[in-house]
Amino acid sequence: MAFELPTLPYSTSALAEAGMCQETLELHHGKHHQAYVTALNGFVAANADLAGKSLEEIVLFTNGKADMAPVFNNAGQHWNHILFWDNMSPNGGKIPGKLEAKIVADFGSVAAFKDAFKTAATTQFGSGWAWLVLGSDGKLAAVKTPNGSNPLATGQGKPLLGCDVWEHSYYLDFRNRRPDYVTNWLDKLANYEYAEALLG
Ligand code: MN3
């Protein structure tokens, strides 16, 4: 069965007040994410080794295989963006109690968590992602991955939040100011309720 572009959990204009305009969402979801899905389906149709595998299985199967890099990139980006849309909300920025307590326990404070996440996002050279992950040691951490990779592939932990720092995610709203985009994302767009639910 072919992979499909997920429906956004809000309208394309719903995040504008929080700092992500309708044009950004229309292009990012309708063009960029759709292109990853279309490319991935083309690879699956042409390669019997990929047939019948789940998205997670394709990411892990193609991870680190040089001849499978285009498949990995598109599968990874499909996986990353599915989380990204759910990781935002028109009423974002509010950290619920259970997650806040875990953040304070593992980072020291909410401000220290945001600083660590911003550092990960702004030191990712070129395209990539910043993540809040639950590591195998049971602790939260802020990490980064390049291009279409993700913590599923790198083994950095279970992602609770993923922030797209490709330029297509922020250039219309923040131009070249990635730090401002990430600050706004954490303060106004991030759906911490969704992240808390993933904490388990
Ligand atoms: Mn993107």
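Numbering of ligands and ligand atoms starts at 1, following listing order. Every value quoted in this text rests on a predicted model; they were computed, and no experiment measured them.
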List, one per line, each side-chain donor-acceptor pair under 3.5 Å for residues 90-99, sequence neighbours excluded.
unit_1	atom_1	unit_2	atom_2	d
Lys94	NZ	Asn91	O	3.1
Lys98	NZ	Gly200	O	2.7

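Closest non-hydrogen pair, Trp85 versus Pro9, comes out as O-CG, 3.7 Å. For Ile58 against Thr62, the heavy-atom pair with the smallest separation is O-OG1, 2.8 Å.
Checked against the 6.0 Å centroid threshold, Trp185 and Tyr170 do not count as a close aromatic pair.
Here salt bridge (Lys or Arg N to Asp or Glu O under 4.0 Å) pairs that include residues 185-200, with residues two or more places apart or in two chains, are Lys114-Asp187.
Around the Mn ion (ligand 1), the protein contributes the following N, O or S atoms under 2.8 Å, ordered by chain and number: His28 NE2, His81 NE2, Asp164 OD2, His168 NE2.
For Lys65, the side-chain contact (heavy atoms from CB on, under 4.5 Å) partners at least two apart in sequence or on another chain are Phe61, Asp67, Met68.
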